[in-house]
There are 2 protein chains.
Amino acid sequence: MRIDELDAALIRLLTDSPQLPVLECARRLGVARGTVISRLARLHEHGVIEGIVPRIDPRGLGYALTAFCQVEIDQKVGHDKVATALARAIPEIVDMHTVTGIADMQLRVVAHDADQLQSVLDRIALVPGVARTASSIALRTHFSSRVLPLVEHTAGA
Amino acid sequence: MRIDELDAALIRLLTDSPQLPVLECARRLGVARGTVISRLARLHEHGVIEGIVPRIDPRGLGYALTAFCQVEIDQKVGHDKVATALARAIPEIVDMHTVTGIADMQLRVVAHDADQLQSVLDRIALVPGVARTASSIALRTHFSSRVLPLVEHTAGA
DNA sequence: GGTGAAAGGTCATTAAG
DNA sequence: CTTAATGACCTTTCACC
């Protein structure tokens, strides 16, 4: 989908103040209410804006540690079966991707501390079909799910 | 922070229907409005709920490809400098972490197609201080930012 | 631009641990 | 005695006409 500067400005505005009323958006952007409504409808329709959702921070629950885990999978078992089993068994997995390369899956996991992280990794290794894991701890998260620069870059093109 | 089943149910409810009025939340949970308000205030205060934000899907903008990129950094330049430069120069980077292990940084990038992904990786490699990169393409994203199981697991404990 | 309606925040009261 | 939930009131603001 093609977006312009107005769309980008609207997304930026909603990112800053998510529950801003339509009227206020229109006022700040200097356009009519109907314009904002139709733009929002288009953005929703094309899946650019999935929805307005509450952002939950695992750190608020005490999960201070983030780690990435590359998982090698026993070829005979199959990705989907392992993926389903992992998703069920390990609530600490927050991201799960099937990837190309040496590893078969890439996970992002959280834990309260180093001890509990070890326990999480142990549980992952115990899931049937998991052949091997390699992990690295996130020392610092510079940003996550950063899309604004992308939106503005796309609008500028 | 310690949360109970009511907190977990509230988070689940808001995740399903993010813009549900407090009154409706209270009705469905079988508690008073004031209770919901005070619980929400506590969750906000402790950083469990960061805020209600619009969820933007890069795929809606045509970014169909996701890739992970491990970056090795020239030790003499320093992480922060490289991180800042990368963040500025490459809008296609959506996640950026400093990690332990062989690589120094772990990135998640998006692109329209394989060609453009190559261009993104090239631009990353050209950033001063970036010594080497290794990347893998996400063939499938099973889920991302999945926190509900974590919340319920925490509440149950 | 006016009107109806509903949301959110605050408060005192009351029950429970 | 402390903590938390309850139900009602009030003010403000949005969506609709």
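So that the names make sense, note that chain A is the first sequence line, chain B the second, and so on, each numbered from 1.
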Next item on the list: Return no unless some side-chain N or O of B:Arg39 is found under 4.0 Å from OP1 or OP2 of D:dA5.
Entry: yes
Margin query: Tell me the interatomic distance from B:Leu40, atom CG, to C:dG8, atom P, rounded to whole angstroms.
Written below: 9 Å
Margin query: Give me each pair satisfying side-chain hydrogen bond (donor to acceptor under 3.5 Å, both in side chains) with a member in residues 79-89 of chain B, each pair once, sequence neighbours excluded.
Written below: A:Arg140-B:Asp80
Can you give me every donor-acceptor pair (side chain of residues 65-76 of chain B, partner residue at least two apart or in another chain, under 3.5 Å) with its distance?
residue: B:Gln70; atom: NE2; partner: B:Gln106; partner atom: OE1; Å: 3.1
residue: B:Asp74; atom: OD1; partner: B:Lys76; partner atom: N; Å: 3.2

Next item on the list: Quickly work out the B:Asp4 CG to D:dT3 C1' distance and round it to whole Å.
Entry: 13 Å
Item checked: Any residue meeting side chain to side chain contact (heavy atoms under 4.5 Å, CB included) with A:Thr100, in chain and number order, not counting sequence neighbours -> B:Ser136, B:Ile137, B:Leu139
Checklist line | Partner set under side-chain hydrogen bond (donor to acceptor under 3.5 Å, both in side chains) for B:Thr141, not counting sequence neighbours | finding: A:His97
Note to self: Protein within reach of the bases, or only the backbone? For nucleotides 12-17 of chain C, mark each nucleotide 5' to 3' as B, S or -, using heavy atoms under 4.0 Å.
What the structure shows: ------
Check: Over how many whole Å does the gap from A:Arg33 atom CZ to D:dC17 atom P extend?
Finding: 15 Å
Next item on the list: Go through the structure and list residues passing side-chain hydrogen bond (donor to acceptor under 3.5 Å, both in side chains) with B:Arg42, not counting sequence neighbours.
Entry: none
Checklist line | Among C:dT10, D:dA4, D:dT6, the one nearest B:Thr35 by side-chain distance | finding: D:dT6
Check: Looking at residues at least two apart in the chain, or sitting in another chain, which of them share a side chain to side chain contact (heavy atoms under 4.5 Å, CB included) with A:His44?
Finding: A:Ile49
Checklist line | For atom CD1 of B:Ile37 and atom P of C:dG9, their distance in whole Å | finding: 6 Å
Next item on the list: For A:His142, enumerate each residue passing the ring pair (Phe, Tyr, Trp, His ring centres under 6.0 Å) test, keeping only those at least two apart in sequence or located in another chain.
Entry: none
Next item on the list: Could you walk me through whether A:Arg132 and A:Asp104 pass the salt bridge (Lys or Arg N to Asp or Glu O under 4.0 Å) test, one step at a time?
Entry: CA-CA 10 Å; A:Arg132 216 181 92 77; A:Asp104 299 296; over 6 Å; no
Notebook entry, point to check: Does anything in residues 14-32 of chain B reach DNA chain D, meaning a heavy atom under 4.0 Å, and if so which residues?
Noted result: B:Val31, B:Ala32
